[in-house]
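Accompanying notes for the structure given below.
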Amino acid sequence: MLKEYRTITEVAGPLMLVKKVEGVKYYELGEIELASGEIRRCRVLEVDGDNALVQLFESSAGINVAESKVRFLGRGIELPVSMDMLGRVFSGMGRPLDGGPEIIPEARLDINGTPINPAARDYPSEFIQTGVSAIDGLNTLVRGQKLPIFSGSGLPHAQLAAQIARQAKVLGTDSKFAVVFAAVGITFEEADFFISDFKRTGAIDRTVLFINLANDPAIERISTPRMALTAAEYLAFQKDMHVLVIITDITNYAEALREVSAARKEVPGRRGYPGYLYTDLATLYERAGRKLDSKGSITLIPILTMPEDDKTHPIPDLTGYITEGQIILGRELHRKGITPPIDVLPSLSRLKDKGIGKGKTREDHADTMNQLFAAYARGKEAKELAVILGDAALTDTDKLYAKFADAFEKEYVSQGFEEDRTIEKTLEIGWKLLSILPRGELKRIRDEYLDKYLPKGE
């Protein structure tokens with residue numbers, strides 16, 4: 001029988017102080033029973049002697065301090081897991097939202113996970129095809145990588161997230177592939193978009209969805225990504241699946257962290273975020289990866305909206321330190337009608353060279369990638385020069401580069417949110433665009449590949 005305490009002395013916002021407790025542990029779950037019999041949940045944030053500071057999951061409205069009682073459950077937040085999770089939609093706390101039955105668990109896992117021993121990590125090396133040319137061709141995603149998408153408010157990151165979740169696959173293997181999708185602090189419309197999109201395309205069958213709405217409590221926002229990563233760890237390391245985890249939007253998660261930190265009266269760091277924001281984000285991101293003794297893997301794409309499109313804001317800044325690169329969405333491209341508006345020049349995948357080449361994508365991939373980057377950068381420079389000095393100031397070669405830059409955006413980067421391109425198709429489009437330039441300008445590609453792949457008669 002669990003011990004009950006009637007020693008609640010203070011309620012302040014989402015926090016509550018319970019005195020004269022015994023044997024209570026940090027992050028332990030608790031239940032508050034109101035005089036009406038209603039039960040609300042909480043978790044222990046701090047223990048000082050026989051005082052426990054707890055954080056409420058639901059609202060504190062209507063709690064009568066004198067008539068309510070608290071009991072502690074002796075365990076942290078756990079997620080019941082089984083293979084039946086695939087195809088289901090859950091709340092940020094792991095309760096079914098799709099009208100289906102509760103999961104009959106194979107196990108109950110602590111949502112804080114178990115850290116991967118650095119010596120047991122395997123190096124990411126296998127190509128994941130997302131079907132999006134700007135990612136596959138130029139900023140390749142590799143199995144076990146953490147590759148965030150930096151977006152701005154109003155940019156179509158939700159559509160891009162749904163497209164990647166729908167299309168992603170590991171080529172050349174017969175291993176099972178699953179997607180765990182966590183939506184953190186989103187609106188009802190966005191939640192409805194994700195659920196209906198996955199159902200419409202059949203992608204729901206291999207997906208586990210965790211949905212946390214903007215009107216859910218802040219504390220639930222903090223546990224949603226951990227729920228998703230726990231489900232991913234179970235599928236990857238116990239069921240040997242390749243799991244792609246997409247979390248949107250990390251900015252909402254950090255805001256919830258700031259809200260709770262302010263309620264605890266902690267000393268704020270940059271822009272009011274807690275000083276431990278870096279460590280906290282790392283506890284999420286570092287759960288991705290591959291293990292030497294496991295066939296499965298977790299690849300992570302966190303999506304975050306940069307406040308005021310500012311790359312130096314603490315959230316994208318710290319995320320960039322922990323992860324292996326970033327995909328950046330550009331507002332200027334969005335205005336031009338380029339979809340998805342991926343700005344390839346500031347984007348970077350630090351592991352791209354590990355997942356491309358013969359036997360993985362194609363032998364000419366690395367050379368064409370370097371040439372496309374260089375030609376696009378020069379084309380953008382030529383266009384900027386033309387704006388300042390007029391077209392007359394450009395040489396014939398500069399004009400070809402400017403033409404290349406426009407064609408590159410329209411045909412290579414822009415593909416809509418429904419088109420799923422194979423890596424061969426992406427490389428073919430790249431070669432077609434490179435044929436705009438004179439062969440003598442293609443200095444980054446070996447002659448043998450030029451002879452083999454460059455379209456003839458151009």
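It should be emphasised that the depicted structure is a prediction, and the values quoted were computed from it without experimental measurement.
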*Taking all atoms of both residues into account, what is the closest heavy-atom pair of G92 and M227, and its distance?*
O-CG, 3.3 Å
Can you tell me which residue pairs pass the ring pair (Phe, Tyr, Trp, His ring centres under 6.0 Å) test with a partner in [range], sequence neighbours excluded?
{"range": "residues 245-297", "answer": "Y273-H313"}
{"range": "residues 188-226", "answer": "F90-F210, F181-F194, F181-F198"}
{"range": "residues 11-35", "answer": "none"}

For [X], which residues count as a ring pair (Phe, Tyr, Trp, His ring centres under 6.0 Å) partner, sequence neighbours excluded?
{"X": "Y376", "value": "F408"}
{"X": "F72", "value": "Y5"}
{"X": "H157", "value": "none"}

*I would like to know whether E58 and R41 meet salt bridge (Lys or Arg N to Asp or Glu O under 4.0 Å); could you show each step before the answer?*
CA-CA 7 Å; E58 290 94 357; R41 290 158 317 144; 3.4 Å; yes
_Set of side chain to side chain contact (heavy atoms under 4.5 Å, CB included) partners for Q167, sequence neighbours left out_ = V132, Q163, D420
_Can you list everything that forms a side chain to side chain contact (heavy atoms under 4.5 Å, CB included) with A120? Sequence neighbours excluded, please._
N117
Show me, pair by pair, the donor-acceptor contacts under 3.5 angstrom made by side chains of residues 11-24, not counting sequence neighbours?
unit_1, atom_1, unit_2, atom_2, d
E22, OE1, K3, NZ, 2.9
E22, OE2, K3, NZ, 3.3

*List for me each residue that meets salt bridge (Lys or Arg N to Asp or Glu O under 4.0 Å) alongside D50, sequence neighbours excluded, and say none if there are none.*
none
*Partners of R287 by salt bridge (Lys or Arg N to Asp or Glu O under 4.0 Å), sequence neighbours excluded?*
E233
*asked:* Looking at E411 and R421, is any side-chain nitrogen of the basic one under 4.0 Å from a carboxylate oxygen of the acidic one?
replied: no
*Partners passing side-chain hydrogen bond (donor to acceptor under 3.5 Å, both in side chains) against T426 (at least two apart in sequence or in another chain)*: S133
*Contact check, side chains of I186 and D249, non-hydrogen atoms, under 4.5 Å*: no
